[in-house]
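What follows is one structure encoded as structure tokens, with my remarks underneath.
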Amino acid sequence: MTIRVIVVDDDPLVRAGLSFMLGGADDIEIVGEGADGSEVPGLVDRHRPDVVLMDIRMPVTDGLSATEALRARPDAPDVVVLTTFHADEQVLRALRAGAAGFVLKDTPPAEIVAAVRRVAAGDPVLSPAVTRQLMAHVADGGGTGTGTGSGTGTRRQAAAQRLAALAEREREVAVAVGQGRSNAEIASTLYMSVPTVKTHVSRILAKLGLNNRVQIALLAHDAGLLDEDGPQKSP
């Protein structure tokens, strides 16, 4: 299967470099390029991509606004955010809006190709280390509506109410996802098969109206679940 990709970045050299790099892969086709987030709706309508590589900082419509609008559409393509920062407020907002992950602009070419393949296959582009970094950034007050004060309590209460819809086993899986564990690691920890883990993840997404595992992780953090000891091994 060929993965159809659109590259959106206001720097023509970055666009050219990404298009050249990704276009060299046998299973990836660059079907469109854009210089601003305002071009994204038209590009998506014309080319029907599987993945959009989206720069965050653009002059007219930034990548955050473009991502929020795109992910609100039915049958939206996956979005991978391009950034020069590991964990800033805009990255977190993009992830909350439904971006499947982010890659740094100085990421080695092979890793960017692998990231596009992973997202197209339904996996988020966030390593456990990056997930922990994002969670720490949120805990330190980064991201929207986080940090100390009444906003934290309101967010935690709202997140806890949403997560109350989960069964106990689904809650354990949600915590493990929030800890950045892979399906194989969750299966080992909770004594499940990998297909069963995938089923639980799918049910969590459906019950909570979320787009991907990244949003599960952020919601688990908001609810305070990652302050707990995490899932215990129980046959």
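None of these values were measured; they are calculated from a predicted model.
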At their closest point, which heavy atom of [X] faces which heavy atom of [Y], and how far apart are they?
X      : Y      : value
Pro77  : Pro49  : CB-O, 3.3 Å
Ala187 : Ser193 : CB-C, 4.0 Å
Thr67  : Ala94  : CG2-O, 4.2 Å
Ala160 : Ala223 : N-CB, 3.9 Å
Leu95  : Gln215 : O-CG, 3.4 Å
Thr83  : Phe102 : CG2-CD1, 3.7 Å

Could you check whether any side-chain N or O of Asp222 sits under 3.5 Å from a backbone N or O of Ala159, counting only pairs where one atom can act as donor and the other as acceptor? no
Counting N and O atoms only, with roles assigned by atom type, does the side chain of Ser65 sit under 3.5 Å from a partner on the main chain of Thr61, one being a donor and the other an acceptor? no
Separation between [atom1] of [X] and [atom2] of [Y], rounded to the nearest 0.5 Å:
X      : Y      : atom1 : atom2 : value
Arg162 : Leu208 : CZ    : CG    : 6.0 Å
His221 : Arg155 : NE2   : CZ    : 10.0 Å
Ile216 : Leu210 : CD1   : CG    : 6.0 Å
Glu185 : Leu190 : CD    : CG    : 11.5 Å
Arg96  : Leu219 : CZ    : CG    : 8.5 Å
Gln179 : Ile186 : CD    : CD1   : 8.5 Å

Would Val5 and Val31 count as a side-chain contact (heavy atoms from CB on, under 4.5 Å) if you check the C-alpha gap in whole Å, the side-chain angles of each, and the deciding distance to 0.1 Å? CA-CA 6 Å; Val5 176; Val31 296; 5.9 Å; no
Of all residues at least two apart in sequence or in a different chain, which pass the side-chain hydrogen bond (donor to acceptor under 3.5 Å, both in side chains) check with [X]?
X      : result
Asp50  : none
Thr2   : none
Arg73  : Asp45
Lys207 : Glu170

Quick one: list whatever passes side chain to side chain contact (heavy atoms under 4.5 Å, CB included) with [X], sequence neighbours left out.
X      : result
Glu68  : Leu64, Arg93, Ala97
Arg46  : Leu43
Thr107 : Val103, Leu104, Glu111, Ile112

Between Val177 and Val175, does the side-chain contact (heavy atoms from CB on, under 4.5 Å) criterion hold? Intermediate values first, please. CA-CA 5 Å; Val177 169; Val175 171; over 6 Å; no
Taking C-beta and beyond as the side chain, do [X] and [Y] meet within less than 4.5 Å on heavy atoms?
X     : Y     : result
Leu22 : Leu53 : yes
Glu39 : Glu33 : no
Val40 : Met54 : yes
Val51 : Arg4  : no
Leu70 : Val44 : yes

Using atom types as modelled, flag every donor-acceptor pair under 3.5 Å from a side chain in residues 10-18 to any protein atom, sequence neighbours excluded.
from, atom 1, to, atom 2, distance (Å)
Asp11, OD1, Leu13, N, 2.9
Arg15, NH1, Asp9, O, 2.6

Evaluation steps, side-chain contact (heavy atoms from CB on, under 4.5 Å), between Leu163 and Leu225: CA-CA 10 Å; Leu163 289 168; Leu225 296 186; 3.7 Å; yes
Verify the neighbour count for atom CG of Asp106: are there more than 12 heavy atoms of other residues, nucleotides or ligands below 6.0 Å? yes
Does the pair Glu168/Arg171 count as a salt bridge with the N-to-O cut at 4.0 Å? no
Donor-acceptor contacts, no H, no angles, side chain residues 197-204, under 3.5 Å, sequence neighbours left out:
from, atom 1, to, atom 2, distance (Å)
Thr199, OG1, Pro195, O, 3.0
Ser202, OG, Lys198, O, 3.1

Pick from Asp55, Val52, Ile30: which one makes a side chain to side chain contact (heavy atoms under 4.5 Å, CB included) with Val7? Ile30
If a pair satisfies side chain to side chain donor-acceptor pair (under 3.5 Å) and one of its residues is in residues 21-31, list it, with sequence neighbours excluded. Asp27-Arg117
